[in-house]
2 protein chains.
Amino acid sequence: MAVTMHDVAQRAGVSIKTVSNVVNGYPYIRAQTRERVEAAIDDLGYRVNMSARNLRTRRTGLITLAVPELSLPYFAELADAVISAADAAGWTVLIEQTSASRERETEVLSGRRRHLTDGLIFSPLALGPDDLGLFAVDFPLVLLGERVFGAPADHVTMNNVAAAKAATLHLASLGRRRIAVIGAHEGEQVGSAALRTAGYREGLEEAGLPFVPELVGEAGLWHRSTGAEAMSRMLDDGVELDAVFALNDALALGALHALHAHRIDVPGDVALIGFDDVDDAKYSVPALTSVDPGRDQIAHTAVELLLERIGATGPGGANGAGDPAPFRKVVPDSRIVGRESTGDVGTGEPSRVVGTQAGGTELVSVRTVV
Amino acid sequence: MAVTMHDVAQRAGVSIKTVSNVVNGYPYIRAQTRERVEAAIDDLGYRVNMSARNLRTRRTGLITLAVPELSLPYFAELADAVISAADAAGWTVLIEQTSASRERETEVLSGRRRHLTDGLIFSPLALGPDDLGLFAVDFPLVLLGERVFGAPADHVTMNNVAAAKAATLHLASLGRRRIAVIGAHEGEQVGSAALRTAGYREGLEEAGLPFVPELVGEAGLWHRSTGAEAMSRMLDDGVELDAVFALNDALALGALHALHAHRIDVPGDVALIGFDDVDDAKYSVPALTSVDPGRDQIAHTAVELLLERIGATGPGGANGAGDPAPFRKVVPDSRIVGRESTGDVGTGEPSRVVGTQAGGTELVSVRTVV
DNA sequence: TTGTAGGCGTTATCAC
DNA sequence: GTGATAACGCCTACAA
């Protein structure tokens, strides 16, 4: 049925190996031969059979990205970025949704599909520090997020503490003294909420501001609605504040809504900053200042590390049987994207990026490789 | 290196074929034999080599879903649903992002990756009615969306006109007489905007309401910000209205924002309904009533049709060389999900579904198969 | 119920 | 530079 190399070889009057050479860009081929082969390929509409190639090369050219859910904007945008980065390197991404369930997250590491691809980029949400053993796998693995540290795998994470601190200092640098935080998880030690809250406290301290418990708004789920509720609660309680740091953008957008409902001007009366820099942040009114945790760089770095582990220059590349490199931990640059909600720009479009050396904000902009 | 069937066979003291039979669930195997084989599989940690199986069976067990961008919530949620539906049938999905560019959309139909999977679910946004020829491909293809009709492929679309009409009638059934529409594209003949606007006009007519040009708000891009702008414009112009039908949820959420800014109570003064029923609709304040175009069913049906075309009961299933079935067009049920923005529920959570026979709303709830 | 032979389409190894 | 030939690991006959 399908056209094979054999057919092409016959048509071009060469051997099958020559066709293979042409297809794979082997350089030492007479130009004339190549042309003939290429003509035959076009005529016959030949396409390499990936299954056969994969069987032979022991490589699929696919990598897996496992995330909780694509319905969550952060992960959808992360997936977008990972796919694009992989694409640029000639690789294809297969997405696995775990629903943040232990069972499915475990399955990702060992299940049926595991063997469909050459490596895994994994953002766990159910598995935690107690499951370190599960991550000791015998295939290329790059971990994402802040649930698990110290696993025997490469890890790309974000500098939650430093970035949160910078966000807080950014608000302080605008002259704000009563900076609320929304989305805290009281008593929690692990995960984004704990880390970002810690950064908030560090920021206060460095700015010489006191930590005020009533300025801390709890919100279990980080949704718009919970953000709005936490904000409303605080306002209804008569808490005085002139700035809000929301631990993610959904919370921030919800808080923005509540502020409006209370007739509070943003950024005039209250400055607002979020975290994640999701697409929506650009489109709110006023546009939302946010911390870009380096999503694109995270995606890019994760793909890069994984492909390095896979040891290939391309999907068909040779497996360099080199030394097993030590596991690396990479923390991409974060930056504050200044928009209207902190008065950083006058227009409706994002523009000024408050980065490492940007005026008024001292943002730790690390790229740590351990 | 890797464990093969051969190793397992040897260990279990059976032939390779027996191992194959066990692995593939062939029923006629002595229980004892099966146990021995299974034990050997566990001991050795054997996993089928997909590449080899694929080569042999001429099937990959993968399907492609091509969408413009995962960053767009509607497509992220669609992808979520498609992955889940395929997963339930034992298939795996590979996502391709086209950025809505002609080049990439064309490539999806014929490019390098085409041969990585057994079939394609494709939601084009750049290719249009003029490109019908491109869709005449020789592999299983299911089209999504409303850009292309009449292509030689199965097609799952939504009943834009009927659903938009139902949305309009829903507002009318609440006693609203001045129903605005937001997101119109003046002069456009193809695509969602045109179809939904047509449904709006049909709804008005059926409700005995006049079509009033000043109640039509244009919005090129369907974003929150453009929705807010269109709404504000209308309000600032002093247009009187008591209901708004936004052509998608982003527009609706933007409009909601503008209504709030103008101190207009929703749903008290103005009732609001969106389209798409994205996740965010649940979390706005007030929660947004929306038209669920049957996203889950679209995903489900698309997968179903595609697998049918592929002619398989499972990823390894046999290819029924039956008659080439005629191309089908399926229009899943749409339904209105009533929430607070139309006063349909009292709580913060979505609950009542105004469907086919629900009181007050006559919603065409077709499942057309052509 | 289980075993044997052969080939799926490709790439790698070697001659030529 | 190019051409035979042997794997890669599995599944489909068919045979026993």
Side-chain angles (χ1 to χ4, degrees), chain A residues 1-38 40-41 44-61 112 115-116 118 312 314-319 321, chain B residues 1-38 40-41 44-61 112 115-116 118 312 314-319 321:
Chain A
M1 186 65 230
V3 182
T4 77
M5 268 193 181
H6 198 86
D7 303 328
V8 177
Q10 201 157 355
R11 170 111 179 185
V14 299
S15 90
I16 185 174
K17 172 59 178 161
T18 303
V19 179
S20 172
N21 283 339
V22 170
V23 168
N24 294 292
Y26 182 71
Y28 306 111
I29 300 180
R30 210 178 309 162
Q32 187 190 345
T33 313
R34 168 178 287 114
E35 276 166 27
R36 226 155 16 126
V37 171
E38 276 164 353
I41 288 177
L44 269 38
Y46 167 77
R47 296 262 142 199
V48 263
N49 179 321
M50 285 303 172
S51 299
R53 170 180 286 176
N54 294 344
L55 172 59
R56 189 58 235 216
T57 60
R58 306 166 151 287
R59 184 147 299 166
T60 65
R112 179 170 71 82
H115 300 264
L116 235 47
D118 298 331
N319 202 327
Chain B
M1 187 66 228
V3 183
T4 76
M5 268 193 180
H6 198 85
D7 303 328
V8 176
Q10 201 159 352
R11 170 110 178 187
V14 299
S15 90
I16 186 175
K17 170 60 179 162
T18 304
V19 179
S20 172
N21 283 339
V22 171
V23 168
N24 294 295
Y26 183 70
Y28 306 113
I29 301 181
R30 208 177 309 161
Q32 188 190 343
T33 312
R34 170 181 283 114
E35 277 166 26
R36 227 158 13 129
V37 171
E38 277 166 353
I41 288 177
L44 269 34
Y46 167 76
R47 297 261 141 198
V48 260
N49 180 321
M50 288 302 175
S51 301
R53 171 181 283 176
N54 293 343
L55 173 58
R56 188 58 238 228
T57 60
R58 306 166 150 287
R59 184 147 301 165
T60 65
R112 177 170 72 80
H115 301 263
L116 235 47
D118 298 332
N319 202 329

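Quick note on labels: first sequence line is chain A, next is B, and so on, each numbered from 1.
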N or O in side chain of [X] less than 4.0 angstrom from [N] OP1/OP2:
X: B:Thr18; N: C:dG3; answer: yes
X: B:Arg58; N: C:dC8; answer: no
X: A:Arg30; N: D:dG1; answer: no
X: A:Thr4; N: C:dG9; answer: no
X: B:Ser15; N: C:dT4; answer: no
X: A:Tyr26; N: D:dG3; answer: no
X: A:Asn24; N: C:dT11; answer: yes

Could you grab the distance from atom CG of B:Asn54 to atom CG of B:Asp118, nearest 0.5 Å is fine?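 One gets 7.5 Å once the value is rounded to the nearest 0.5 Å.
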Looking at the side chain of [X], which of [options] is the nearest nucleotide?
X: A:Thr33; options: D:dT12, D:dT2, C:dT2; answer: D:dT2
X: A:Arg53; options: C:dT11, C:dT1, D:dC11; answer: C:dT11
X: B:Arg56; options: C:dA12, C:dG7, C:dT4; answer: C:dG7
X: B:Leu55; options: D:dA7, C:dT2, D:dG9; answer: D:dG9
X: B:Ile16; options: C:dT11, C:dT4, C:dG9; answer: C:dT4

Would you mind classifying the nucleic acid contact of A:Val14 as base, sugar-phosphate or nothing, using non-hydrogen atoms under 4.0 angstrom?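 Sugar-phosphate contact only.
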Just checking A:Arg47: base, sugar-phosphate only, or nothing, at a heavy-atom cut-off of under 4.0 Å?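 Counting heavy atoms under 4.0 Å across all strands, the contact made by A:Arg47 is with sugar-phosphate only.
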On DNA chain C, check which nucleotide each of B:Ala52 and B:Asn21 is closest to and give me the residue with the more 5' one.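 Between the two, 5'-proximity favours B:Asn21.
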